[in-house]
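These figures come from a predicted structure and were not determined experimentally.
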Amino acid sequence: MKTKVAVIGAGNLGQAIAEGIVAKGLRSSDEILLTRRSKASMQHLVDRGYKVSDDNVAAASEAGFIFLCVQPKQLEGVLWEIKPHLSEGQVLVSVITGISTDKIYEGVSRDIAVIRAMPNTAIAIGESMTCIAGNGVASHLLEEVKEMFESLGQVLIIEERLMKAATVLGASGIAFFMRYLRAATQGGIEMGFHPEEAQKIAVQTAKGAARLILENKNHPEVEIDRVTTPQGCTIAGLNEMEHQGLSSALIKGLLTSFEKINSISS
């Protein structure tokens, strides 16, 4: 199998994927082929040994793994362009929101493995939650793609039917947590902190809460019980938040986003 990796449509996301793969030592920079209409914006990558061009066909022809990072409206044209130059054993990895593997297979041969991946914007700092799916794709290929994304955060292999839910929970979820941090910061300001102080406290506290769950592998309520005391200020605040609809509002927001993505994607 060809060992090079191509990233077609190497914007911020595509570049982050390439740099993560190299940083983890899975490929050298000269084994990464990056394509973009404007090569000038990737000069810094050329200086570090990456192969950069505007030729999708050449990149796809040389690579074993081809990451599709283009906009949904550009996908049909890209597949039409590279299809004659693909061969059995190559793997297409799509990070395009809302496009099913069946839709991609309409544009390429079934001899080509197609895997979907849904990272989030924290991929830029190596802290993404990425879900991947590939119906009928050989397990060793899924594992290899999983390893590539593990250079950029946590990875979970899921059934493709759950990909829209993963988009809401993991990708849109970044915005939901950001809204919580904004609200917590505003509350801190009202209690007397300067904005930058309140934000620092809120952000580090959120980071600590997440790490407690990740490292201790406990249910959130277990960690909550460690903070709350009888008749204390924490339980009083929690009960008021629930009274005001915190959990139900969050769940309703997730489901509303889920209904929306079901109505607009294939």
Main-chain N/O of Gly170 paired to Asn120 side chain as donor or acceptor, under 3.5 Å: yes
Check: Gln90 side chain, Ser87 main-chain N or O, donor-acceptor pair, under 3.5 Å: yes
Approximate separation, where rounding is to 0.5 Å, of Leu45 CG and Lys51 NZ: 13.0 Å
Shortest non-hydrogen separation from Gly14 to Val7 and the atoms involved: CA-CG1, 3.6 Å
Show me, pair by pair, the donor-acceptor contacts under 3.5 angstrom made by side chains of residues 177-195, not counting sequence neighbours?
| from | atom 1 | to | atom 2 | distance (Å) |
| --- | --- | --- | --- | --- |
| Thr185 | OG1 | Leu181 | O | 2.8 |

Within 6.0 angstrom of Asn216 CG, more than 12 heavy atoms from elsewhere: yes
Gln244 side chain reached by Met241 side chain, heavy atoms, under 4.5 Å: no
Between CE on residue Met42 and CG on residue Asp47, distance to nearest 0.5 Å: 12.5 Å
CG-CG distance between Leu169 and Leu254, expressed to the nearest 0.5 angstrom: 6.0 Å
CD1 on Ile261 to OG1 on Thr256, rounded to 0.5 Å: 13.0 Å
Charged N-O contact under 4.0 Å between Lys103 and Glu106: yes
Ile123 with Met129, same ILVMFWY side-chain cluster at under 4.5 Å: no
Shortest non-hydrogen contact from Asp55 toward Ser53: N-OG, 3.1 Å
Which atom of Phe258 lies closest to which atom of Ala165, heavy atoms considered: CE1-N, 3.6 Å
Leu142 versus Val137, closest heavy-atom pair with distance: CD1-O, 4.2 Å
Could you pull out all donor-acceptor pairs under 3.5 Å where a side-chain atom in residues 151-163 meets a protein atom, sequence neighbours excluded?
| from | atom 1 | to | atom 2 | distance (Å) |
| --- | --- | --- | --- | --- |
| Ser151 | OG | Gly20 | O | 3.2 |
| Ser151 | OG | Met148 | O | 2.5 |
| Glu159 | OE1 | Arg161 | NE | 2.8 |
| Glu160 | OE1 | Thr101 | OG1 | 2.6 |
| Glu160 | OE1 | Asn135 | ND2 | 3.1 |
| Glu160 | OE2 | Thr101 | N | 2.8 |
| Glu160 | OE2 | Thr101 | OG1 | 3.4 |
| Glu160 | OE2 | Arg116 | NH1 | 3.1 |

Glu196 atom CD, neighbour heavy-atom count above 12 within 6.0 Å: yes
Single-linkage hydrophobic cluster, 4.5 Å side-chain cutoff, Met118 and Val91 together: no
Nearest-0.5 Å distance that lies between atom CD1 in Ile132 and atom OG in Ser94: 12.5 Å
Shortest non-hydrogen contact between Tyr105 and Ile112, atoms and distance: CE2-O, 3.0 Å
Verdict with supporting geometry, Ile8 and Val70, side-chain contact (heavy atoms from CB on, under 4.5 Å): CA-CA 7 Å; Ile8 295 179; Val70 298; 4.1 Å; yes
side-chain contact (heavy atoms from CB on, under 4.5 Å) evaluation trace for Lys207 with Gln204: CA-CA 5 Å; Lys207 180 180 177 181; Gln204 181 58 34; 3.8 Å; yes
Counting only pairs under 3.5 Å, give me each side-chain donor-acceptor contact of residues 56-69, with atom names and distances, residues two or more places apart or in other chains.
| from | atom 1 | to | atom 2 | distance (Å) |
| --- | --- | --- | --- | --- |
| Asn56 | OD1 | Thr35 | OG1 | 2.7 |
| Asn56 | ND2 | Glu81 | OE1 | 3.1 |
| Ser61 | OG | Val57 | O | 2.7 |
| Glu62 | OE1 | Lys4 | NZ | 3.1 |

Summary of side chain to side chain donor-acceptor pair (under 3.5 Å) pairs that have at least one residue in residues 18-29, sequence neighbours excluded: Glu19-Arg48, Arg27-Glu144, Ser28-Asp30, Ser28-Glu31
Verify same cluster id: Leu33, Tyr50 (apolar side-chain graph, 4.5 Å): no
Lys83 with Asp111: basic N within carboxylate O range, under 4.0 Å: no
Any side-chain heavy-atom pair of Leu79 and Leu92 under 4.5 Å: yes
CG on Leu75 to CH2 on Trp80, rounded to 0.5 Å: 14.5 Å
Residues forming a salt bridge (Lys or Arg N to Asp or Glu O under 4.0 Å) with Arg211, sequence neighbours excluded: Glu215
Shared-cluster residues of Leu255, by chain and number - hydrophobic side chains joined below 4.5 Å: Ile251
Residue pair Pro119 / Ala171: nearest heavy atoms and the distance that separates them: O-CB, 4.0 Å
